[in-house]
Amino acid sequence: MAIRVYNTLTRQKEDFVPAEPGKVRIYVCGVTPYNYAHIGNARPPVVWDCIRRFLAYRGYEVTFIQNFTDIDDKIIQRGHELQRDPLELAREYSQIYLEDIGALGVRPADRYPRVSEHIPEIIAMVKTLVEKGYAYVVDGDVFFAIESFPAYGKLSGRSLDEMQAGSRVEVDERKRHPMDFALWKSAKAGEPAWDSPWGPGRPGWHIECSAMSLKYLGCGFDLHGGGTDLIFPHHENEIAQAEACTGCAPFVRYWLHSAFITMGGNKMSKSLGNIATIREVIEKYSAKVARFWLIGTHYRNPISFGDEELTAAAKGLERLETCRANLRHLLTAEPVDGDDPQARVIANLTVDTKENFIAAMEDDFNTALALGSLYELVREANRWALDREFRPTVSGLRAVESVVTTLDELGGILGIWFEDDAGSQALSDAEIQQLVEERQAARKNKDWQTADAIRDRLKAAGIVLEDTPQGVRWRRE
RNA sequence: GGCGGCAUAGCCAAGUGGUAAGGCAGAGCUCUGCAAAAGCUCCAUUCCCCAGUUCGAAUCUGGGUGCCGCCUCCA
């Protein structure tokens, strides 16, 4: 089966065919760092992390680029408020952002290009656009003339007339068309500025993504991502700039956009103020739960942020984790003779699970559906291996191992397995085993007080004990 | 005003023509020193409403209602 993706450009699902067989080039719009990022900003990186892992799993060689827009009106404004250098401020918050998404299990991009480090490339691009007649200079500002680019509007599905009709913002009189946008802005006093053929200034929004994606991925790269709010004008403008400048089209083969996180029924956004920062969410629910919650919904559907949703996600994840830990513990059992006919059934189920999981991911990266296949495997494995009649036969243990391997492998694609906390590593396996034996001795003597004390002590150390017909089972929380 | 999206159980969420996955919550039961984990049973005759196409529709078409997003910084 081929991978299918919903392409915003065509508004339909298409077979995904990379420009170069076996290789996938991806660019995702990052953030404008001037403050702590909110959980909505974490959705694209988490979604794309799953996509990357899945593509790699399917054998593709993936190049993944995510930018930082570190020069921007908001950063400059914030810098003024804090009396700090805007670039330094952006540097600091981009670092914080990387820590945040790193905590969510997002693997580092191959590169994190910054606007401030690509001024020459941007100037060169603007220069070409002016020379080719796609842009014009007015008093040190350079604007892109959208009427010179007939394909303008193809991504967002708007015609120039429609946009003109809807335009209610104050328009810079110097623009030829109200929707023309700035490629280069002349410097005002106290702003960071670079020399250019049009005088000192700085890049406009939009141009940096065209310049940096072209630099690192080349024209016609495979996937470009971001939130749906970037479709217009940002991505529309990126296309115009890149295709006008290079004469190459399409600039991007597939555009994928993720929906928003809502809070109180509205889009979570800094301007509305209804935000929860990534840090707050991690603090309250843990990073792994936050990630698990994010992938529980298909990326093109909105997610509602709330206590009930996050708590449900925590319980769901715990179910998967507990199963995996219990089965792993089972593997430490001494094998017994005999044949377990159910082992074959379970082994086959792992194969089905894998197929279903892959099919779900191939269908526009449907992580929610993929997760469903995992739950089904868990239910069947629990029913069999946690039954009081279960005996650890050789064939049975082999099947248990195949379930564990499958969970590891598929869960790994979604990045749901987080390493155990350092706290639960305080005791070694041998020490735990020692305490378990002490407790068993106490239980034999019906010394429940001692037995429970040991269990509580282990619990405090992050070790959960469970008494089963086959003996004591323990796992790290 | 223009463009686009969504509407499935108490909550979350799959499902784009073949008779409603899954998770959470809830009720009951089994197991059990207690606990925990787990399992079993129950929990949408129905998918916002109306009309149509079809042997058959949550899925397609038309109309309506509601919510949301973009058009201005925004993931």
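Below, chain A is the first sequence line, B the second, and so on; all start at residue 1.
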- Item | Atom pair distance, as rounded to whole Å: CG in A:D49 and P in B:A75 | 19 Å
- Query: Taking protein heavy atoms under 4.0 Å as touching, what does nucleotides 28-38 of chain B look like 5' to 3' if B marks base contact, S marks sugar-phosphate-only contact and - marks none?
  - Reply: ---SSBBBBSS
- Would you kindly check if the NZ (Lys) or CZ (Arg) of A:K288 is within the cone defined by 45 degrees around the ring axis of A:F418 and under 6.0 Å from the six-membered ring centre? no
- Task: Give one of base, sugar-phosphate or nothing for A:G226, where a contact means two heavy atoms less than 4.0 Å apart.
- Result: sugar-phosphate
- For the pair made of NE2 in A:H257 and P in B:C6, what is the distance, rounded to whole Å? 16 Å
- Item | Heavy atoms of other groups near A:Q449 CD, more than 12 under 6.0 Å | no
- Least distance between heavy atoms, A:W293 atom then A:S304 atom: CZ2-O, 3.4 Å
- Task: Look at all strands and tell whether A:L371 reaches a base, only sugar-phosphate, or nothing, counting heavy atoms closer than 4.0 Å.
- Result: nothing
- Looking only at heavy atoms, the pair that brings A:Y112 and A:P108 closest together is OH-CA, 3.4 Å
- Task: Tell me what A:K315 touches on the nucleic acid: a base, only sugar-phosphate, or nothing, going by heavy atoms under 4.0 Å.
- Result: sugar-phosphate
- Message: If you count every heavy atom of other residues, nucleotides or ligands that lies below 6.0 Å from A:R111 atom CZ, does the total exceed 12?
- Response: no
- Task: Assign A:T311 to base, sugar-phosphate, or nothing according to its heavy-atom contacts below 4.0 angstrom with the strands shown.
- Result: nothing
- Message: Under 4.0 Å, heavy atoms only, any strand: does A:A314 hit a base, just the sugar-phosphate, or nothing?
- Response: nothing
- Is there a side chain to side chain contact (heavy atoms under 4.5 Å, CB included) between A:L256 and A:Y299 once you walk through the steps? CA-CA 9 Å; A:L256 273 57; A:Y299 76 87; 3.5 Å; yes
- Message: Using a heavy-atom cut-off of 4.0 Å across all strands, would you classify A:G265 as base, sugar-phosphate, or nothing?
- Response: sugar-phosphate
- RNA chain B: A:G157 or A:N266, which has the more 5' nearest nucleotide? A:G157
- Item | Atom CZ of A:R457: over 12 foreign heavy atoms under 6.0 Å | no
- Roughly, in whole Å, what's the span from CG in A:D352 to P in B:A21? 18 Å
Each nucleotide N or O in nucleotides 8-14 of chain B that has a protein N or O under 3.5 Å away: list the pair and distance.
residue: B:A14; atom: OP1; partner: A:H298; partner atom: N; Å: 2.9
residue: B:A14; atom: OP1; partner: A:N301; partner atom: OD1; Å: 3.3
residue: B:A14; atom: O3'; partner: A:N366; partner atom: ND2; Å: 3.1

- Query: Roughly, in whole Å, what's the span from CZ in A:F260 to P in B:A75?
  - Reply: 9 Å
- Query: Expressed in whole Å, how much space separates the C1' atoms belonging to B:C24 and B:C43?
  - Reply: 13 Å
- For atom P, what is the distance between B:A58 and B:U53, given to the nearest Å? 16 Å
- Distance, P atom - from B:A21 to B:G15, rounded to whole angstrom: 14 Å
- Which word best sums up how the rings of A:Y254 and A:F16 line up, parallel for under 30°, tilted for 30 to 60°, or perpendicular for over 60°? tilted
- Item | Whole-Å P distance, B:U72 and B:G52 | 43 Å
- Could you tell me which residues satisfy side chain to side chain contact (heavy atoms under 4.5 Å, CB included) with A:K270, sequence neighbours excluded, listed by chain and number? A:Y34, A:H38, A:N41
- Item | Pair assignment for RNA chain B - dot-bracket with | for other-strand partners, Watson-Crick or G-U under 3.5 Å | ((((((((.[[[..)..(...]]].(((((.......))))).....[[[[[..)....]]]]])))))))....
- Contact check, side chains of A:T332 and A:W474, non-hydrogen atoms, under 4.5 Å: no
- Whole-Å distance between B:C3 P and A:M179 CE? 15 Å
- Report the distance from atom OH of A:Y27 to atom C1' of B:A75, rounded to the nearest whole Å. 13 Å
- Message: I'd like the P distance from B:A9 over to B:U59, given in whole Å.
- Response: 15 Å
- side-chain hydrogen bond (donor to acceptor under 3.5 Å, both in side chains) partners of A:Q440, counting only residues at least two apart: A:R443
- Between A:F305 (CZ) and B:C68 (P), how many Å, whole number? 20 Å
- Between A:R300 (CZ) and B:G69 (P), how many Å, whole number? 19 Å
- Message: Cation-pi check for A:Y6 against A:R300: NZ or CZ below 6.0 Å from the six-membered ring centre and within 45 degrees of the axis, yes or no?
- Response: yes
- Task: Using the C1' atom as the reference point in each nucleotide, state the distance between B:C11 and B:G26 in Å, no decimals.
- Result: 12 Å
- Strand contacts (RNA chain B) in residues 230-239 of chain A, 4.0 angstrom heavy-atom criterion: A:L230, A:F232
- Item | Touch class at under 4.0 angstrom, heavy-atom based, for A:G306 against every strand present | nothing
